[in-house]
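Notes follow once the structure below has been shown.
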Amino acid sequence: MEKNKKLNKFYIFPVLYVLSAYLMFAGLIKGTENPIACLLVLAPFVFGILNIVMCVKHCQPEYYYIMLSSAAIVKYCLVPFFIAGGFLVAGSFISGILLPIPPMFIVGTFIAFLLCIAGWVILAFGSPYTISYVVLSQKAGQTSKGMAAFHIILQFFFTMDVIDIICLSLKAHRNIKSTIAVIILFITAVIAIIALILFIVFQIVM
């Protein structure tokens with residue numbers, strides 16, 4: 001019982017990382033002139049390093065499924081974060097194209113570029129749980145070295161990382177309800193993005 005409690009306490013780290021990512025949004029809205037806002041903006045990077053430390057330290061067989069569940073917590077809970085970020089990137093880029101002020105194209109593109117870099121860093125810092133799970137799976141003989149490398153590479157690409165976690169969770173028969181919810185959210189987001197693109201194209205044509 002005590003061992004299970006100790007193992008379950010591990011979930012506090014992925015939860016803190018997810019919270020730090022959303023707090024970063026609050027920090028950006030508040031403005032970097034505010035010292036507290038600056039700390040909020042830096043929070044994901046601090047907890048991201050903590051992710052790496054904890055995953056390296058606890059990459060042990062007893063944490064096998066805990067690593068998978070932790071990966072699902074991070075990747076699934078950050079789906080709305082990246083969907084919102086995707087709309088911000090698209091909005092920044094499109095506003096730079098549509099607004100008739102020449103400098104706006106440079107500004108809009110630059111903002112979109114910065115948002116993509118920040119998003120990728122958050123994506124990368126949230127990947128150690130999946131990597132630890134894949135490494136443990138490979139050591140246990142359940143995954144080949146080639147497939148393990150493939151899974152690890154996918155963790156550094158937008159959308160592909162979530163799809164990979166969906167596949168790993170379904171294969172392991174874990175996190176089924178949350179996986180189904182994320183699939184529905186993904187489909188809804190794709191439809192919304194397509195609708196937005198069609199609306200923008202229609203506005204330009206008209």
Side-chain angles (χ1 to χ4, degrees), residues 2-32 34-86 88 114-140 143 148-166 168-169 172 174-175 178-179 182:
E2 288 298 323
K3 184 178 180 180
N4 288 335
K5 287 182 179 180
K6 181 181 177 181
L7 294 175
N8 288 334
K9 287 180 180 178
F10 186 83
Y11 290 122
I12 188 67
F13 299 105
V15 170
L16 285 174
Y17 182 69
V18 171
L19 289 175
S20 71
Y22 285 100
L23 286 174
M24 185 189 74
F25 258 143
L28 290 173
I29 294 172
K30 191 72 176 175
T32 53
N34 189 311
I36 296 177
C38 289
L39 291 175
L40 292 178
V41 171
L42 294 174
F45 307 104
V46 174
F47 285 105
I49 294 172
L50 182 62
N51 279 350
I52 297 173
V53 172
M54 297 307 298
C55 286
V56 171
K57 182 179 179 181
H58 295 91
C59 190
Q60 302 166 6
E62 59 264 34
Y63 285 87
Y64 182 65
Y65 286 119
I66 289 177
M67 288 295 180
L68 178 60
S69 296
S70 297
I73 289 172
V74 172
K75 298 297 183 178
Y76 290 174
C77 291
L78 286 180
V79 167
F81 175 88
F82 285 112
I83 290 175
L88 286 176
L114 287 180
L115 288 173
C116 285
I117 291 178
W120 187 86
V121 171
I122 290 175
L123 172 83
F125 273 137
S127 299
Y129 299 105
T130 312
I131 294 173
S132 291
Y133 172 75
V134 171
V135 169
L136 289 171
S137 181
Q138 191 273 320
K139 287 182 177 179
T143 304
F150 179 67
H151 285 302
I152 291 172
I153 290 171
L154 289 180
Q155 298 311 303
F156 299 95
F157 291 90
F158 291 113
T159 307
M160 292 295 102
D161 62 322
V162 179
I163 293 175
D164 191 45
I165 287 296
I166 289 173
L168 290 173
S169 295
R174 296 271 174 168
N175 316 307
S178 56
T179 298
V182 168

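We're numbering straight along the sequence, starting at 1.
Residue C59 holds its SG atom at 11.5 Å from OH of Y64, rounded to the nearest 0.5 Å. The distance from the OH atom of Y133 to the CZ atom of R174 is 8.5 Å, given to the nearest 0.5 Å. Separation of atoms CD1 (I12) and CD1 (I73) is listed at 10.0 Å; rounding is to 0.5 Å.
By the 4.5 Å heavy-atom criterion applied to side chains, I131 and F156 are counted as neighbours. Here the side chains of S127 and D161 are not in contact, with every heavy-atom distance at 4.5 Å or above. A heavy-atom distance below 4.5 Å is not found between the side chains of M24 and L42. When side chains are defined from C-beta on, V18 does not count as touching F81, because their heavy atoms never get closer than 4.5 Å.
For S20, the side chain to side chain donor-acceptor pair (under 3.5 Å) test picks out no residue, with sequence neighbours left out. By the side chain to side chain donor-acceptor pair (under 3.5 Å) test, S132 is found to be paired with no residue, residues two or more places apart in sequence or in another chain being considered. Judged as a side chain to side chain contact (heavy atoms under 4.5 Å, CB included), and not counting sequence neighbours, the contacts of I153 are F157. By the side chain to side chain contact (heavy atoms under 4.5 Å, CB included) test, V182 is found to be paired with Y76, V79, V162, I166, F186, residues two or more places apart in sequence or in another chain being considered.
The local environment of CZ in F150 is sparse, with at most 12 non-hydrogen atoms from other residues, nucleotides or ligands closer than 6.0 Å.
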For this session: Decide yes or no on side-chain contact (heavy atoms from CB on, under 4.5 Å) for F13 and S70, but give the supporting numbers first.
Result: CA-CA 8 Å; F13 299 105; S70 297; over 6 Å; no
For this session: Show your working on side-chain contact (heavy atoms from CB on, under 4.5 Å) between L78 and Y17 and close with a plain yes or no.
Result: CA-CA 10 Å; L78 286 180; Y17 182 69; 4.1 Å; yes
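Taking every heavy atom of both residues into account, C116 and F158 meet most closely at O-CZ, 3.9 Å. Nearest heavy atom pair, residue A71 against residue I165, reads CB-CD1, 3.7 Å. Of all heavy-atom pairs spanning V41 and F45, the tightest one is O-CE1, 3.4 Å.
The side-chain hydrogen bond (donor to acceptor under 3.5 Å, both in side chains) pairs that include a residue from residues 149-159 are T130-Q155, H151-D164, Q155-D164, where partners are two or more places apart or lie in different chains.
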Could you pull out all donor-acceptor pairs under 3.5 Å where a side-chain atom in residues 49-58 meets a protein atom, sequence neighbours excluded?
unit_1, atom_1, unit_2, atom_2, d
N51, OD1, Y129, OH, 2.6
N51, ND2, F125, O, 3.0
H58, ND1, M54, O, 3.0

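The side chain to side chain contact (heavy atoms under 4.5 Å, CB included) test with L168 is passed by exactly one of I163, T143, L68: L68.
A donor-acceptor pair is defined here as one N or O able to donate and one able to accept, closer than 3.5 Å; such a pair exists between the side chain of T179 and the backbone of N175.
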